[in-house]
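Every heavy atom of this structure was used, including side-chain atoms; hydrogens, water molecules and symmetry mates were not. Whatever order the structure lists them in is the order used to number ligands and atoms, beginning at 1. The structure displayed is predicted, hence computed values, not measured ones.
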Amino acid sequence: MRLVDAFQSSTSVVAVMRASDGVFLGVNPAFERSTGYRRDQVTGRLPVEIGLWPDPAFRSQIWSLLRGDHRAVALPMHLRHADGRILPGHLNVEFATDADGETVVFCLLHLATEPAAPGETAPSAPPGFYRALYLAASEGIYRSLPGGGFLDVNPAMARILGYDSPAQLLQEVAREASSLYVDPESATHFHTRLQAGERLERVRARVRRRDGGIIWVSENARGIFDEQGKVLFYEGSLVDITAQVEAEEALRQSRTLYQVLVENSRDGVFLIQRGKVAFANQALASILGYEVPELTGMDYMSLVDPADIEAQMARRAAREAGSPAPQVYEVRLRRRDGRVILCEVRADAVQYEGDIASTGTLRDVTEERARQRAIEDAERRYRTLVEHSQVGVFIMDGDRYTYANTAFTQMLGLGEGELVGRGYREIMAPEAVPASEQRDRDRAAGRPVPSDFETCLLHRDGRRVFVRVSIGPVELDGVEHLTGTVLDVTRQREAESRLRFHATHDPLTGLPNRMLFNQKLAGAMLAAGRAGGQPYAVLFLDLDGFKWVNDSLGHGAGDGLLVQIARRLEDSLLQDVLIARYGGDEFTLLPEGPCDEARAAAIARQVIALFEQPFDAGGQQVFSSASLGIVLGRPDYESPEQVLRDADTAMYRAKSAGKSGFVVFDEGMHQQALSRLQLETDLRLAFERAEFRVHYQPIIELASGRLVGAEALVRWLHPRRGLLAPAEFLPLAEESGLITQLDAWVLGEACAQLGQWRQVAPGLSMNVNVDERQMVAPGLVDEVLALLHRHQLPADSLRLEVTETAFRSGRGEAERHLLSLKAIGVGLVVDDFGTGYSSLESFASSPFDALKMDQVFIRDIETNPRHRAIVRTINGFAGELGLALTAEGIETEGQREMLRAIGCQFGQGFLFSRALPPEQFEQMLSAGAGIVG
Ligand code: C2E
Ligand code: MG
Ligand code: MG
């Protein structure tokens, strides 16, 4: 069945034509009614054979439709009725396939009910439902007369052209409708075409609106012709396409812009479609070493370095799966010359010709990445260096740390990153802050600032960290920062201050030493010398009997005692007195501030009181005491040594005045000190000048009155002061050490004398005093042997007198010498026996063979029964041990009688004779007075 058969009963006017040649295949009854043609008049014929379409333009339109792209359309048309009337209407055309497979054109005709009468010159407005359409249409619809004004226009037409109403438009554009066109040529051109029967479709023109504004319109128009082919009128429609034209223009412009951009881009621009390069710009070709045409059509994967193909496949898969975000990645591509380059790609998925294609840009970053890597490597190396450095490293912005390495944070006991954001004042010792702030001000004012300085920081636990800082400006991100290194020099500083301390302090007690004391004293002296200077004083303290503690309890106990004394002094005096250990058991005190005699004396009393409580020495409670000498500053002192020398003198005076007291140095002592100094000088010269003499005091056997020996006693024939007794110069000789030299000389003299005298008195013996220092002198034994030999003396004719202290301290060297001398056969005598504190036991075990009782027991032996008892006891003791006993200082007959009665064997004293010069002794000897030969 033909399609048309389906429309037999329809009121719609339907005709079906063969698409291949336009022949009518059939029409329905509505067609017959409306056109006046019978079915059999139409079927199998072409429309032109019937003359159905009077408008040649419409005819050609239909033709082109048939031959063309078979699109469905709706066309305005005029149809010639079988009775010759021209009927306006619309034609809808639809292509379809008929039952037998033939392509057919299905035509639906809409015809005006009142066909226009031929020759009508002023057609009325379209009637019926078309009118409503006409009035409501959004496109402008018009009819105009060739060479005249509009016949009619719809409201849209008026609106598009800027008129209030169709009436206004008709009135104002009464004469010439074509005057609306901006380009008159296009108006004439349109007329020519229309008159030739051409139908204008979507022609573009610029028209002028009522307000003068120009708009773009798209216009359809055709001429309506009469039988003779003369134009009756034009009818047309137009729409405002200004917006569209402008958009098109913008698009065109942006197309050009993009094209320019892409062509001139230094980045490669690509479009990859189905894995092939669909587009490449010049830059891309250059990057890859190809020409653009060569590259176009290439398989993209063939450009990818094999190592990156897998990753690239994954990216493509993600893109095709619709991954939304643009991809930015790096890929290694192989250039035409084989070189592999690293490229940064930004790719986007786009719809292109029905495919999901990839487009984007590409940049060769081989060198850039290499450079970056080099910088990163260097950066990493430096970072490692800095991070692991033992030296603190920091960066500051203003006064705040923006970076600090581990060494620096650890220096302060802080955790990683704890320093960042903090200001330097927070970690600096308060006393160091002002100097830092000064540096800040100097830096800000452009004054020179030291790049190296030392400062002091605070550790988290509060202790001070001394550091050496090197600092300098550095520009980071365009901002000036400070960067620097920090070296912990705390240990150095501590070592230095320890060294300084050791140089100026006594290691045992920790007190300032002699050097520091002298420095401070020099300062006080200098200050006192200035105008308005203050009086000052020095106290010199020497322990009484310290030697005894050292000797009997050992050095450890002695040291312990010194430390305790130092602490006691510090505890009570440190506030305002400089206390120093001057040496051995000597302490010196320098009161701070003005010090007159009263204050110095008060301090001395305070010190003496400190010794009232016992000390602990080696677990034993011991009492100690001190003697003090005070010196008040005087303008004529030139050095601290002079002041201390006098303080020492005053101290000795205190000692000899009975110990545990103090003496203030005065003018008398000053004079004595001076003469003592003079004496010392003289003493040294005395040897050269041979001013020493030896006098001999006879030793008598009490029972018989016989002269049995002599004691050699030294004298000094002083050039100004005459003959001096040992008491006047021996202490000085002992102190200066000249005593050994002196004793050696006396020993030589005495031996020589004995050798001579023994020729007259063969039984004579000689006693020689030996100082404790002489007793330990190296070579003593050899010297004695040599003397005995030289003067042909039997060893037992020489007797050496030693005081108790000499052999008590001589448990070592002296003991050995004593034993050697004893072995030789030399006599050993304990001098001044009874005045020392030695235990009797020590005599029993010592190599002595004689005792000499001290004068103190003899002097009042007649009146003092105690001393008499002691003498008797000593006599018994000596007898029991087989020691010879001599009594010294016998001045009276009574004394002699009493000693003889007690049984003392030998005696010596003024009763018999004073010590005599050798000539006199010799006379006495040769006179044979009382000598039993
Ligand atoms: P010393 O060894 O006990 O000597 C005895 C002292 O008593 C002598 O004093 C002597 O002159 C004095 N004297 C003797 N008989 C009497 C007397 O009846 N009444 C009084 N009041 N005194 C008497 P000198 O010579 O002044 O010697 C004093 C001390 O000097 C000696 O005491 C001795 O310890 C020491 N001394 C003397 N010469 C030497 C010497 O060459 N070497 C050493 N190391 N010491 C010496
Ligand atoms: Mg003697
Ligand atoms: Mg004596």
Engineer: Roughly how far apart are Asn518 CG and Leu590 CG, rounded to 0.5 Å?
Structural biologist: 10.5 Å
Engineer: So, for Leu707 and Pro698, which heavy atoms are closest and what is the spacing to 0.1 Å?
Structural biologist: CD1-CB, 3.8 Å
Engineer: Gly889 heavy atoms, cut-off 4.0 Å: which ligand 1 atoms fall inside?
Structural biologist: 15 (N), 16 (C), 17 (C), 18 (O)
Engineer: Got a second to check how far Asp648's CG is from Asp542's CG, nearest 0.5 Å?
Structural biologist: 7.5 Å
Engineer: In terms of atom number and element, which parts of ligand 1 are under 4.0 angstrom from non-hydrogen atoms of Glu801?
Structural biologist: 2 (O)
Engineer: Has Gln895 got a side-chain atom pairing as donor or acceptor with Thr892's backbone, closer than 3.5 angstrom?
Structural biologist: yes
Engineer: Evaluating non-hydrogen atoms only, which member of Leu730, Leu911, Val770 is closest to atom 46 (C) of ligand 1?
Structural biologist: Leu730
Engineer: What atoms in ligand 1 come closer than 4.0 Å to a heavy atom of Leu713?
Structural biologist: 4 (O), 8 (C), 10 (C), 11 (O), 25 (O), 27 (O), 37 (C), 38 (N)
Engineer: Does Phe665 have Arg634 sitting over its ring (NZ/CZ under 6.0 Å from centre, angle to axis within 45°)?
Structural biologist: no
Engineer: I'd like to check which ligand 1 atoms, numbered from 1 as shown, lie under 4.0 Å from a non-hydrogen atom of Val746.
Structural biologist: 41 (O)
Engineer: Could you tell me whether the side chains of Asp544 and Ser625 share a donor-acceptor contact shorter than 3.5 Å?
Structural biologist: yes
Engineer: Just checking: Asn769, one of its N/O/S atoms, less than 2.8 Å away from the Mg ion (ligand 2), yes or no?
Structural biologist: yes
Engineer: Could you tell me which N, O or S atom of Glu801 is nearest to the Mg ion (ligand 2)?
Structural biologist: OE1
Engineer: Please check this pair: side chain of Asn513 against backbone of Ala503, looking for a donor-acceptor N/O pair closer than 3.5 Å.
Structural biologist: yes
Engineer: Of the side chain and backbone of Arg914, name the one, both, or neither that has a heavy atom under 4.0 Å from an atom of ligand 1.
Structural biologist: neither
Engineer: Is any NZ, NE, NH1 or NH2 atom of the basic residue among Asp849 and Lys822 found under 4.0 Å from an Asp or Glu carboxylate oxygen of the other?
Structural biologist: yes
Engineer: So is Phe910 polar-close to ligand 1, meaning N/O to N/O under 3.5 Å?
Structural biologist: yes
Engineer: Taking distance alone, with N or O pairs closer than 3.5 Å, would you say Asp832 contacts ligand 1?
Structural biologist: yes
Engineer: Counting both backbone and side chain atoms, is some N or O of Val714 under 3.5 Å from an N or O of ligand 1?
Structural biologist: yes
Engineer: Measuring from the Mg ion (ligand 2), name the closest N, O or S atom belonging to Asp831.
Structural biologist: OD2
Engineer: So which N/O/S atom does Glu711 have closest to the Mg ion (ligand 2)?
Structural biologist: OE2
Engineer: Less than 3.5 Å apart, any donor N or O on the side chain of Glu919 or Gln923 sitting next to an acceptor on the other?
Structural biologist: no
Engineer: Only heavy atoms count here, so choose which of Arg773, Glu728, Gln774, Arg715 is nearest to atom 25 (O) of ligand 1.
Structural biologist: Arg715
Engineer: Using a strict 4.0 Å cut-off to heavy atoms of Ile890, name the atoms of ligand 1 that fall inside it.
Structural biologist: 18 (O)
Engineer: Just checking, any donor-acceptor pair under 3.5 angstrom between side chains of Asn769 and Glu711?
Structural biologist: yes
Engineer: Is any side-chain N of the basic residue among Asp682 and Arg720 closer than 4.0 Å to the acidic one's carboxylate O?
Structural biologist: yes
Engineer: For ligand 1, which atoms, with element, lie under 4.0 Å from some heavy atom of Gln697?
Structural biologist: 10 (C), 14 (C), 15 (N)
Engineer: Out of Gln895, Gln855, Glu888, Glu891, who gets a non-hydrogen atom closest to atom 19 (N) of ligand 1?
Structural biologist: Glu891
